[in-house]
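Per chain, numbering begins at 1; letters A, B, ... match sequence-line order.
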Amino acid sequence: MIEIAKAYDPKEAESSHYERWERSGFFAPEINGDPNATKYSIVIPPPNVTGSLHMGHALQHTLMDVLIRRKRMQGFRTLWLPGTDHAGISVQRKVVEQLRKDDNKSPLEVGREEFVRRAWRWKEDYGNTIVEQMRREGASVDWSRHRFTMDASLSRAVREVFCTLYEEGWIYRGLRIVNWCPKDKTVLSDLEVKEESRKDGKLVYLQYPVKGSDRRVTVATTRPETMLGDTAVAVNPKDERYADLVGQIIKLPLTGREIPIIADEYVDAEFGTGAVKVTPAHDPNDYQIGQRHDLEQLLIMNDDATMSAAAGADFEGLDRFKAREKVIEQFEALGLLEKIDDYEISLPTCERCKTIVEPILSEQWFVKMDEMRDLALGLMRTEGVPHFSPQVPHEKVYTTWLENLKDWTISRQLWWGHQIPAWYDADGEVYVARTLEAACGQAGTIDLTQDGDVLDTWFSAALWAFSTFGWNGEVTETDDLDTFCPTDVLVTGRDIIFLWVSRMMMTTKKFVGKTAFEDVIVTGTVLGKDGKPMSKSRGNGVDPIDLFDKFGVDATRVYLASIATGADIRWNDALIETYRNFANKIWNATRFCLMNSEGARVDHSSLGSEFLLQQGTPPEGGTPSIADKWIVSRLNRTAIDVNKALDKYFFHEAVSLLYHFFWDDFCDWYIELVKDEISDHGDADPGSKTAARTRILTILEIALRMLHPFMPYLTEELWQKLPGTSNELHHAAYGSADASIMLASFPPGDARAIDERAESEMQSVIDVISKVRNIRAEMQIKPSDRLSIHVAASADANRVFAENEAQILKLARADKLVLGDKLDVPKASAKAVTNVAEIAVPLEGLIDFEKEIARLEGQLVKLETEQQRLNGQLSNANFVDRAPAEKVQDIRDRVAEIGTQVSALRLNLEALK
RNA sequence: GCCGACUUAGCUCAGUGGUAGAGCACUCGCUUCACACGCGAUAGGUCACAAGUUCAAGUCUUGUAGUCGGCACCA
């Protein structure tokens, strides 16, 4: 007898196994000893080094680990490659903060070199938080292949890709209106700018005097301060109201400048006043107009969004919003402020710091996306990759986005990141090269200055699907690249489909000629209790680490896997408790089997061959019962369905199948049915007792394997305790490794072991027990009162009941089972019907006739409602003619079944009245 | 403005044209020798609304309402 603790303590199981798995090299593909094994690989979306584990990570990591652990158990050569992202802006900000706090210095004071040195130190000190947290999650990543986006080789890859794209004309430097974050003091790509809609916006109407006339032209703006940079007023060429003014000159107030009135098709005569102020240096549309009309581009702001000298002495140095107020005041003082309307507006904000982004004219580096877009679109259109799960809506959104793709701003005014491999000579001529030496060679001088900007963090992330395997431009062939690239599936959130997924598809195709991955699983968002995305500022977040502490890692993982793929879910403690309870249930079921395991051990031959109960060869120690055949059938059915579900990435379906198999079939029925057979209190003979114990241990062991990818700690803890587990149960690829459930083969299920007859026979037994229990509950029979059960059924059915007499008596708490083809019971009996049997329980002195009548009538109403509905269908000639014959027959069968039951119930009711 | 998703039990959510499901909560009963993180038995539904297609619609189509998301525009 093996005794284990009365309740599952997750901490104990979590304390040791991970360390052993990692130390034993179980996570590395090299553990697989089969040279012909098929590979299965996943690269992790590299978390930011500034990050700590949040619910999104926990969700994604769980799914990836489930996929990897199952494939590993199936004998694939698996690699889940971990890593971290250098997170340019985030780290930069942390280091700036640290500098100010520790040394009260600005980055400029310490200089670039020192700043970058400190950033590396910051990364070493704090950048591993998330890596450690991943160990707690049980993530079976190969730590020996951990990558960081600024590792030497990955940095080399970045430089190589940049130079190649530049040489091919797909990277260029140019003057464009870009998104400027005045707080981070860097440019941002369109994807890093989020629109925030504001209801308290104002639309300000300003009057501009026309030179040599007393006419005024009214323009409207939400950013009045930009008028200081106006270099024209534009109207539609067809707009008759202004036809005579085109070509005339505006005396621009507050500046003394004179600007032309021009005609441009862009202007919508119907909108507003029909006249538009044109600020080419501060608005993308105005920039276009400026280009067409050769207008001056007047930049009136500094990089911190204060007004520059070009804004005029009155405004220089003022913050943009102060300047806005001042412009309005001055227009009012001049009598040129027409009105201010309330206006709903959406403001571009910096994704990270929420500062309002300023559109500003600036010289930056861009990737021209034409070729890249065509690569990605080509893959989607010809091969349908990546295949998104769920497909709707992501495939369409992805495709539409690609079709409308604009150039990608890749330079960032930061120091932390991959410095752009471009150098300038004294004349400002640019030389792009892989090394300084090469640049010098091109320039014919050593007097070069490197571009101070770094690349967008997503630029290096875009290479992640192959740079992590050793590709760096110089090295273009490695074993890992050959073996693991392309990867099989990517698991990520929908927020980075454009930022990351699309770009990996593009660069991987271009630089290694492969499809980065065919499948993309897009996870949903775990929302707070308030139904909004979890965030620090909202304070509605739930920390996965707290959940691990409170409910256990395994419970948290199963819960996360139980969410439908891609669906958002509102956080709810009750749900995770469900799986905490499930873990405890598994623990206790195992505990019970262990308490009754003497003389027995896990032995797959006990079920016939592996996973298969063979009918012809009764295993040693007795013929399996109907219950045994039934549980083996259910087990195999579950295994088959779980595999199907996981192949489709329906994690939630797999969880539900496992949950109900384990709890309902295995615990509620199988354990109860065989309890007497295996327990010390039972009177089974020793041989059949051992055989029964062996069977249940073996079934349990297979169930634990199926649960392992979801609940690695609990299943390993229990598996190690089962007698008879050893590395002999491993998949052949891991034969000699130390025994672990994570290397045991994943049950495929065997269709030949599905026994429809055993399932329906067992169901008839379950139905009888349930009906009697129902009578007990409804008639309020005390648990201690033993009943007699009378059953009228066919000879076949009665044979099954007779075989399970002991079980029926025990589970229905009865002491007598009378089988026959007719009921012969006193009037004072409670009755019930099942699909195959009529049941009666004599209750002399205990029965409440009114209650029994009500109970039977209740059952009758249910059956008659169904009967009516089905008869309605059958009397519809169209249905009988057009529906598949099989369906029609199903309904006829069911109607016949109901008919029998209804008449039995009616007779019973009559007898009571 | 364009595109899309969602609306199912009190709550959180599954649901694949063919008998509406789960967990939790609720009600009743249970110290039944694995588990009260448990066991047994109930109850609870106009599948947002309307029309259509179909023998048959929670499921497909269209429209309406509400909620949310993406993109674009924003003088």
Side-chain angles (χ1 to χ4, degrees), chain A residues 4 6-8 195 197 201 203-205 218-223 233-234 266-268 271-279 283 285-286 343-348 390 392-394 396-397 400-401 404 494-495 497-498 525 529 531-532 551 555 562-564 566-575 577-596 652-653 656 659-660 667-668 671-672 675 679-681 770 773-778 780-784 810-811 813 858 865-866 869-870 873 876-884 886-888 890-891 894:
Chain A
I4 63 173
K6 208 174 165 184
Y8 175 49
E195 299 292 328
S197 84
L203 187 61
V204 179
Y205 290 77
T218 303
V219 296
T221 178
T222 55
R223 293 187 292 152
V233 167
Y266 165 77
V267 180
D268 179 359
F271 191 94
T273 63
V276 181
K277 60 189 277 306
V278 182
T279 323
D283 181 281
N285 293 307
D286 293 6
Y343 193 68
E344 199 175 320
I345 190 174
S346 66
L347 291 173
V392 178
H394 300 112
K396 189 174 172 188
V397 171
T400 309
W401 179 78
N404 300 298
R494 49 174 167 251
D495 51 334
I497 290 176
F498 303 151
T525 312
K529 284 187 175 130
K532 304 223 167 91
F551 301 103
S562 77
I563 301 167
D568 288 350
I569 191 166
R570 196 183 285 223
W571 181 257
N572 186 341
D573 273 347
L575 289 164
E577 277 179 36
T578 299
Y579 294 104
R580 190 264 318 259
N581 297 350
F582 183 44
N584 193 54
K585 187 74 179 176
I586 296 167
W587 176 270
N588 274 290
T590 308
R591 176 168 183 259
F592 177 73
C593 292
L594 288 173
M595 288 168 76
N596 297 289
H652 63 293
E653 197 175 303
S656 163
Y659 182 92
H660 291 292
C667 293
D668 285 351
I671 289 183
E672 296 303 331
K675 215 168 217 176
S679 95
D680 284 328
H681 313 284
S770 297
R773 282 174 171 174
N774 174 260
I775 289 168
R776 295 196 73 106
E778 300 275 327
Q780 291 168 318
I781 313 286
K782 277 186 285 187
S784 53
K810 179 180 161 80
L811 298 182
R813 306 183 74 77
T865 312
E866 192 184 344
R869 188 170 47 75
L870 296 180
Q873 267 186 299
N876 179 344
N878 278 326
F879 171 71
V880 179
D881 291 348
R882 297 192 177 188
E886 200 184 332
K887 288 281 174 224
V888 178
D890 281 354
I891 288 181
R894 178 66 187 148

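- Leu203(A) comes within contact range of the sugar-phosphate backbone alone, with a heavy-atom separation under 4.0 Å but no base atom that close.
- Between Lys585(A) and C39(B) there is a side-chain polar atom (N or O) within less than 4.0 angstrom of OP1 or OP2.
- The side chain of Thr222(A) contributes an N or O atom lying less than 4.0 Å from OP1 or OP2 of A75(B).
- Out of A34(B), A75(B), G38(B), the shortest distance to the side chain of Asn581(A) is found at G38(B).
- Closest approach to the Asn572(A) side chain among U12(B), A34(B), A75(B) is made by U12(B) (side chain taken as heavy atoms from C-beta onward).
- Put simply, CZ on Arg773(A) is 12 Å from C1' on C30(B), counting in whole angstrom units.
- Comparing G15(B), U12(B), C37(B) by their closest approach to the side chain of His652(A) singles out G15(B).
- Ranking A14(B), C24(B), A75(B) by closeness to the Ala574(A) side chain, first place goes to C24(B).
- When distances run from any side-chain atom of Ser346(A) to the nucleotides U32(B), U12(B), C74(B), the shortest one goes to C74(B).
- The side chain of Lys396(A) approaches G4(B) more closely than any other nucleotide in the set G4(B), U16(B), G70(B).
- In this structure, Arg591(A) atom CZ and A34(B) atom P are separated by 8 Å, rounded to whole Å.
- Judged by distance alone, with hydrogens and angles left aside, Glu195(A) brings a side-chain donor or acceptor within reach of the base of C74(B), the pair sitting under 3.5 Å.
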